[in-house]
Amino acid sequence: MTILFEPNRQWSGHLAGLLGAGVLPASRIEDVERLLADQPAEPLVVFGPSTDARLAVDFSAQQRLTRPALGVVLLREGLDVETLGQALRAGIRDVVEVRDVAAVRAACMRSIEVSRHLQQGAAPAPAPPAAPAAEAKVVTVFAAKGGCGKSTLATNLAVALADGGRHRVCLVDLDLAFGDVGIMLQLVPERGIADAVSARDRIDANLVRALLTPYGPGLDVLLAPVGPAEAERIDRDLVARVLAALRTMVDYVVIDTPAAFTDGVLAALDVSDLHVLVATPDVPALKNLRIAIDMLDLLGLRRENRLVVLNRSDSRVGLTGADVDRVLRTPIGAHIPSSRDVPISINRGVPIVADKPAHPVSKAIREVAQAQIANRTPHRAGRGLRERLGRGGNR
Ligand SMILES: Nc1ncnc2c1ncn2[C@@H]1O[C@H](COP(=O)(O)OP(=O)(O)O)[C@@H](O)[C@H]1O
Ligand SMILES: [Mg+2]
């Protein structure tokens, strides 16, 4: 259920209709507190557009400590970088333009999904898979927004890490509903992660090897299902088992993801040595990156294992470096330029690092592969929420 704080009657009525049945309206902050006290598991408080942003920011900052699973979403008439920065720093999950109905609904759903995961995370987790014999470095490429270049970066990083066959790499497409790694590499989807569902109790290196599609020297791909229906049968436990098996088989596992904290993404983040967060220099992407960073913090994932990559960093969109800094408050670890050669190489089915090795985009991606992945010493202890809860916290 959702609590809606909105002093203005008209807005309140309008938003109650938009957010659907079961919304509890409140026009005073005391009422919000009372509703939360009555319903401690209440996952979401939405602040309507006539709310003073300061009130929502203070409320969220307070709740962050006492009710970490509670989500707060702020609706505004018009977005500005200043409010965004303040709100996101206070732990507000999202700030959305109130007239963008689809975005409002999506933000609420995403927040509820995250709250649910956080509440479940507090429950005892299933036993982790047995420790592998040899350990690959696992890299998850993530963004809370589509179209930032996750698949482009994951695919090119995998090719760069394989380095013409000098290393063994597996690229995993965890964008289970709409994966496009197969299309980007022009692979025929004959088998993939969906085939692991019927064999979930006997997942090991041999089984997983049979599900891989070879791409080139050193590089194999674990493809996503062809249709969204199959995706639903692939849960967190299955993804964890598959990744544990893959870890024993190769030098690097590179994981492409959808723009949401799905079960598969949570499983991947949990076992990754490096979380590569991608954004483009525009307000929605930066805002979503800030949200992703906050989520990783909430999930107890180590900051040392985080790399922020600004893709298309030279795009002229009117944002200054100071703006980017104000919203992010996290250093940018790598910049990848924008070039129309990127979509051209994708259309040819050959990643740009292989197609045009001397291209500035290829050089930037190879630099990330070398300096930030290959030469990086992983911080392995306390990688995930599960371990943090199990061992009483080690951040
Ligand atoms: N550095 C870049 N320069 C130009 N176009 C890019 C760049 N990175 C990605 N793109 C383009 O942006 C689009 C979205 O990229 P994609 O990797 O599919 O994003 P995501 O996986 O995050 O949804 C693609 O058409 C891709 O060609
Ligand atoms: Mg993608």
Side-chain angles (χ1 to χ4, degrees), residues 106 110 139-160 171-187 189 192-193 215 221-228 231 234 239 254-262 264-265 268-269 275-293 295 307-317 319 324 332-369:
R110 186 164 58 191
V139 179
T140 295
V141 180
F142 184 72
K145 178 175 178 291
C148 296
K150 288 183 297 300
S151 301
T152 305
L153 185 59
T155 309
N156 279 285
L157 278 177
V159 173
L171 173 61
V172 179
D173 191 352
L174 278 189
D175 190 352
L176 297 173
F178 303 103
D180 45 21
V181 167
I183 294 171
M184 280 188 174
L185 297 177
Q186 293 191 346
L187 296 172
I193 193 167
Y215 174 72
V221 183
L222 185 58
L223 290 169
V226 185
I234 301 167
V239 173
V254 179
I255 303 168
D256 186 25
T257 60
F261 284 90
T262 61
V265 168
L269 291 172
H275 304 127
V276 176
L277 300 175
V278 194
T280 44
D282 53 277
V283 170
L286 290 174
K287 185 193 80 174
N288 281 287
L289 174 61
R290 182 64 246 177
I291 290 167
I293 290 171
M295 271 336 135
L307 174 70
V308 174
V309 173
L310 199 61
N311 187 25
R312 322 189 70 161
S313 58
D314 51 347
S315 313
R316 290 198 193 94
V317 288
L319 278 181
V324 173
I332 293 166
H335 295 257
I336 296 172
S338 189
S339 166
R340 35 191 300 274
D341 295 328
V342 174
I344 290 173
S345 75
I346 288 173
N347 290 339
R348 284 162 40 91
V350 184
I352 190 162
V353 293
D355 197 20
K356 294 192 165 71
H359 196 282
V361 170
S362 306
K363 284 188 180 159
I365 293 175
R366 270 206 315 278
E367 170 69 16
V368 172

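It should be emphasised that the depicted structure is a prediction, and the values quoted were computed from it without experimental measurement. Ligands are counted one by one from 1 in listed order, and the atoms in each one are counted from 1 as well.
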* Rounded to the nearest 0.5 Å, how far does NZ of K145 lie from CG of L289? -> 11.5 Å

* Asked: Where is the tightest heavy-atom contact between R110 and A144, given as atom of each residue plus distance?
  -> NH1-O, 3.3 Å

* Output the distance between atom OG1 (T257) and atom CG (L176), rounded to the nearest 0.5 Å. => 10.0 Å

Would you tabulate the polar-atom pairs, meaning N/O of ligand 1 against N/O of the protein, with distances under 3.5 Å, reported to 0.1 Å?
{"unit_1": "ligand 1", "atom_1": "1 (N)", "unit_2": "N311", "atom_2": "OD1", "d": "3.0"}
{"unit_1": "ligand 1", "atom_1": "1 (N)", "unit_2": "P337", "atom_2": "O", "d": "2.9"}
{"unit_1": "ligand 1", "atom_1": "3 (N)", "unit_2": "S339", "atom_2": "N", "d": "3.0"}
{"unit_1": "ligand 1", "atom_1": "3 (N)", "unit_2": "S339", "atom_2": "O", "d": "3.3"}
{"unit_1": "ligand 1", "atom_1": "5 (N)", "unit_2": "R312", "atom_2": "NH2", "d": "3.4"}
{"unit_1": "ligand 1", "atom_1": "8 (N)", "unit_2": "N311", "atom_2": "ND2", "d": "2.9"}
{"unit_1": "ligand 1", "atom_1": "17 (O)", "unit_2": "S151", "atom_2": "N", "d": "3.3"}
{"unit_1": "ligand 1", "atom_1": "17 (O)", "unit_2": "T152", "atom_2": "N", "d": "2.8"}
{"unit_1": "ligand 1", "atom_1": "17 (O)", "unit_2": "T152", "atom_2": "OG1", "d": "2.5"}
{"unit_1": "ligand 1", "atom_1": "19 (O)", "unit_2": "G149", "atom_2": "N", "d": "3.0"}
{"unit_1": "ligand 1", "atom_1": "21 (O)", "unit_2": "S151", "atom_2": "N", "d": "2.9"}
{"unit_1": "ligand 1", "atom_1": "21 (O)", "unit_2": "S151", "atom_2": "OG", "d": "2.9"}
{"unit_1": "ligand 1", "atom_1": "22 (O)", "unit_2": "G147", "atom_2": "N", "d": "3.4"}
{"unit_1": "ligand 1", "atom_1": "22 (O)", "unit_2": "C148", "atom_2": "N", "d": "3.2"}
{"unit_1": "ligand 1", "atom_1": "22 (O)", "unit_2": "G149", "atom_2": "N", "d": "3.0"}
{"unit_1": "ligand 1", "atom_1": "22 (O)", "unit_2": "K150", "atom_2": "N", "d": "2.8"}
{"unit_1": "ligand 1", "atom_1": "22 (O)", "unit_2": "K150", "atom_2": "NZ", "d": "2.9"}
{"unit_1": "ligand 1", "atom_1": "23 (O)", "unit_2": "G147", "atom_2": "N", "d": "2.7"}

* Taking the side chain as C-beta and beyond, is there a heavy-atom pair between D173 and V221 under 4.5 Å? -> no

* With the side chain counted from C-beta on, respond yes when N347 and I344 share a heavy-atom pair under 4.5 Å apart, and no when they do not. => no

* To do: May I ask you to list the protein N, O or S atoms found at less than 2.8 Å from the Mg ion (ligand 2)?
  => S151 OG

* **Pair D314, S338: side-chain N/O donor-acceptor within cut-off below 3.5 Å** => no

* Structure fact -> Taking every heavy atom of A292 against every heavy atom of F142, the minimum-distance pair comes out as CB-CE2, 4.0 Å

* Once you round to the nearest 0.5 Å, how far does OG1 of T155 lie from CG of L185? -> 5.0 Å

* Asked: Would you find a donor on one side and an acceptor on the other, under 3.5 Å apart, between the side chain of S362 and the backbone of K356?
  -> yes

